Amino acid sequence: MELKSDIRRKRRALVELSKSLFDRGYIAGSAGNISVRAGVDKVLATPSGACLGRLSEESLALLSLEGEQIKGPRASKETKFHLALYNNDPACGSVVHLHSTWVTLLSCRADLDTEAPIRPFTPYYVMKIGCLQVVPYYPPGDERLAEAMKAWAGQRNAFLLRNHGGIVTAGTLTKAVDLAEELEETAKLYCLLNKNNIHYLSEAEITQLRGR
Ligand SMILES: [Zn+2]
């Protein structure tokens with residue numbers, strides 16, 4: 001009974017937060033996908049090919065952690081990497097994957113520093129994201145992207161997919177959405193500022209923030 005009401009609450013939150021991201025321009029068309037862990041062994045995910053701004057609670061896919069469809073429409077083919085994260089990181093409660101403009105712009109830059117795609121220049125970037133992991137380009141839905149996520153699960157909470165977009169993970173859906181917004185806004189500032197004209201945080205300042 002408790003599980004049923006928990007899933008109902010998560011359905012509502014997933015619909016509301018997806019619409020909020022869409023309404024504020026973080027999502028366009030039917031791009032991106034979001035999921036949340038529902039109970040110990042299930043995942044609620046946004047459906048394949050749908051506009052995330054116009055979902056209903058019934059239009060969400062309920063899957064097992066093995067990817068079997070339990071209820072609702074088919075989930076996006078990109079849900080494979082969501083499942084890789086849930087299955088390999090018990091603390092992962094939600095995954096948000098967006099093709100938001102500035103994160104995607106950064107992922108497509110020819111001069112991207114793949115070791116440090118964003119050098120720390122704001123305290124919130126250091127405290128909330130810490131280390132943005134670059135993932136090589138794979139076509140959407142490719143098994144190798146899920147394999148890459150499996151290897152990084154639990155070690156990173158933010159990923160930049162080359163020529164594609166971003167992925168963030170957190171313990172809850174609300175925190176994951178906040179993180180996705182933080183990443184997009186940081187990428188926007190980083191690109192607008194031009195990386196050669198930024199007053200970066202010093203190593204000592206970064207160490208102090210990481211100790212918090
Ligand atoms: Zn995608």
Side-chain angles (χ1 to χ4, degrees), residues 14-15 17-37 43-55 59-63 65 67 69 72-89 92-110 112 114 117-118 129 132-153 156-170 173 175-188 190-191:
L14 189 46
V15 169
L17 288 168
S18 298
K19 182 176 185 318
S20 167
L21 286 168
F22 181 83
D23 288 347
R24 290 176 296 131
Y26 290 96
I27 297 169
S30 60
N33 33 76
I34 305 177
S35 66
V36 61
R37 202 189 278 270
V43 170
L44 262 180
T46 53
S48 178
C51 170
L52 268 58
R54 294 189 288 271
L55 297 174
S59 71
L60 302 175
L62 186 66
L63 311 167
L65 282 176
Q69 197 81 23
R74 204 161 46 82
S76 158
K77 61 180 176 299
E78 293 192 305
T79 310
K80 279 183 211 159
F81 65 70
H82 293 236
L83 296 173
L85 288 160
Y86 291 116
N87 279 312
N88 293 284
D89 177 13
C92 177
S94 180
V95 178
V96 175
H97 165 56
L98 304 181
H99 304 166
S100 52
T101 307
W102 293 95
V103 165
T104 306
L105 183 152
L106 183 64
S107 82
C108 296
R109 282 183 73 134
L112 181 75
T114 55
I118 296 179
I129 293 165
L132 177 62
Q133 180 64 45
V134 175
V135 180
Y137 172 78
Y138 299 114
D142 195 292
E143 207 62 59
R144 288 168 296 174
L145 180 54
E147 283 299 314
M149 286 300 115
K150 185 177 167 185
W152 287 112
R156 298 277 190 272
N157 63 354
F159 303 88
L160 187 67
L161 311 182
R162 202 67 161 118
N163 298 81
H164 184 163
I167 300 174
V168 297
T169 70
L173 174 62
K175 282 186 182 163
V177 169
D178 282 353
L179 205 58
E181 292 180 22
E182 179 73 31
L183 180 60
E184 173 66 2
E185 295 310 312
T186 306
K188 180 178 180 179
Y190 194 67
C191 296

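This one's a predicted model, so the numbers in the text were calculated from it and none came from an experiment. These values consider heavy atoms only, across backbone and side chains, with no hydrogens, waters or symmetry-generated copies. First listed ligand is number 1; within each ligand, the first listed atom is number 1.
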Novice: What's the shortest heavy-atom distance between Ala176 and Ala170, and which atoms?
Specialist: N-CB, 3.5 Å
Novice: Just to verify, what does Arg54 make a salt bridge (charged side-chain N to carboxylate O under 4.0 Å, His left out) with, not counting sequence neighbours?
Specialist: none
Novice: Using the ring-ring contact (aromatic ring centres under 6.0 Å, His included) criterion, which residues pair with Phe81? Sequence neighbours excluded.
Specialist: His97
Novice: Looking only at atom types and distance, does a side-chain atom of Tyr86 sit under 3.5 Å from a main-chain N or O of Val36, one as donor and one as acceptor?
Specialist: yes
Novice: Nearest 0.5 Å, what's the CE-CD distance between Met149 and Glu147?
Specialist: 11.0 Å
Novice: With Ser100, which residues qualify under side-chain hydrogen bond (donor to acceptor under 3.5 Å, both in side chains), at least two apart?
Specialist: Glu184
Novice: At less than 2.8 Å, how many protein N/O/S atoms surround the Zn ion (ligand 1)? Leave waters out.
Specialist: 5
